[in-house]
Amino acid sequence: MRFLNRIDWKYVWIILGLSFASALTYKFSGEIITAIKTFFEIRDLNIIAGGIAAIITITHKIKKRRLKFSPSMSFTAFRIPIEDLMSFVGNPITLVCSISLAKGVFYQAWGDETWGSVYYFPHFKGWEVTFIGIVTAYLFFISLMDLLRHVKETLLRNAVVEEHVTPISDSDVIGEIPKPLN
């Protein structure tokens with residue numbers, strides 16, 4: 001009994017869950033590859049994903065009142081909301097780029113002649129394509145996590161908000177830096 005009390009059951013369940021997911025992936029690998037191919041063939045996938053990400057991001061900025069203007073703003077104070085407004089393209093661009101890179105890596109790794117050109121990265125082979133895939137996974141992960149955080153903070157009333165960091169250094173700002181309202 002003492003042994004069972006020392007087991008960290010959370011990690012036992014994670015091991016079992018990952019083992020089960022691996023077995024399902026092995027058993028249904030053909031179906032999974034077809035599903036991924038179908039996803040990448042969605043018409044205007046990048047426009048849809050980028051548009052949704054842009055709408056969520058700008059709505060998040062509006063809710064958090066980062067786009068606040070006043071008639072008596074100095075140019076320096078005006079730069080802050082303008083830079084925040086323009087920064088909404090960062091997450092959508094990262095998401096769209098990661099989807100495009102993932103599509104290229106997928107088609108190069110699992111493509112065939114029926115899908116068209118299978119060499120999206122014609123000058124890269126083997127490990128180089130693997131590294132592109134790893135960077136793509138990272139870009140997709142950070143953009144998706146940022147997008148999910150924006151959705152959570154936008155849709156939930158009492159979501160925990162991270163401190164907003166301004167792209168302008170404190171020495172460049174004349175007066176007080178506006179803080180987001182909670």
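- Looking at heavy atoms from C-beta onward, M145 lies out of side-chain contact with R149 at the 4.5 angstrom threshold.
- Cluster annotation: W13 and L18 are assigned to distinct hydrophobic clusters (Ile/Leu/Val/Met/Phe/Trp/Tyr, side-chain heavy-atom contacts under 4.5 Å, transitive).
- With sequence neighbours left out, F124 forms a side-chain contact (heavy atoms from CB on, under 4.5 Å) with F121, E128, V129, I132.
- Ring geometry for F40 versus F106: interplanar angle of 30 to 60°, hence tilted.
- Closest of all the heavy-atom pairs between T136 and A102 is CG2-N, 3.4 Å.
- Every residue was checked against the side-chain contact (heavy atoms from CB on, under 4.5 Å) condition with Y26, not counting sequence neighbours, and none meets it.
- The backbone N or O of A54 sits nowhere less than 3.5 Å from a side-chain atom of T57 that would complete a donor-acceptor pair.
- Rounding to the nearest 0.5 Å gives a distance of 11.0 Å between CD1 of I56 and CG of D146.
- Note: T130 OG1 to Q108 CD = 10.0 Å, rounded to the nearest 0.5 Å.
- Taking each heavy atom of L147 and A53 in turn, the nearest pair found is CD1-CA, 3.7 Å.
- T25 meets the side-chain contact (heavy atoms from CB on, under 4.5 Å) test with I32; sequence neighbours excluded.
- In this structure, H60 and E153 have side chains that are in contact, with non-hydrogen atoms separated by less than 4.5 Å.
- Proximity of a side-chain donor or acceptor of S98 to a complementary backbone N or O of L95 within less than 3.5 Å is detected.
- Side-chain heavy-atom separations under 4.5 angstrom define the hydrophobic clusters, and the remaining members of the one that includes F20 are L24, F28.
- Residues I55 and I52 are members of separate hydrophobic clusters, defined by side-chain heavy-atom contacts under 4.5 angstrom among Ile, Leu, Val, Met, Phe, Trp and Tyr.
- One distance of note links OG1 of T38 with CD1 of I33; it measures 11.5 Å at 0.5 Å rounding.
- The closest side-chain heavy-atom distance from I14 to Y11 is below 4.5 Å.
- H150 and N91 make their closest contact through ND1-ND2, 4.4 Å (heavy atoms, listed as atom of the first residue, atom of the second, distance).
- If you chain together hydrophobic residues whose side chains sit under 4.5 Å apart, I42 and V96 never meet in one group.
- Side-chain heavy-atom separations under 4.5 angstrom define the hydrophobic clusters, and the remaining members of the one that includes I134 are W127, F131.
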Yes or no on side-chain contact (heavy atoms from CB on, under 4.5 Å) for T94 and F140, after CA distance, side-chain angles and deciding distance? CA-CA 7 Å; T94 305; F140 186 72; over 6 Å; no
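- For S29, there are no side-chain contact (heavy atoms from CB on, under 4.5 Å) partners at least two apart in sequence or on another chain.
- Across every non-hydrogen atom of S100 and N46, the tightest pair is OG-ND2, 3.0 Å.
- Criterion: ILVMFWY side-chain heavy atoms under 4.5 Å apart, direct or through other members. Under it, L144 and Y138 are part of a common hydrophobic cluster.
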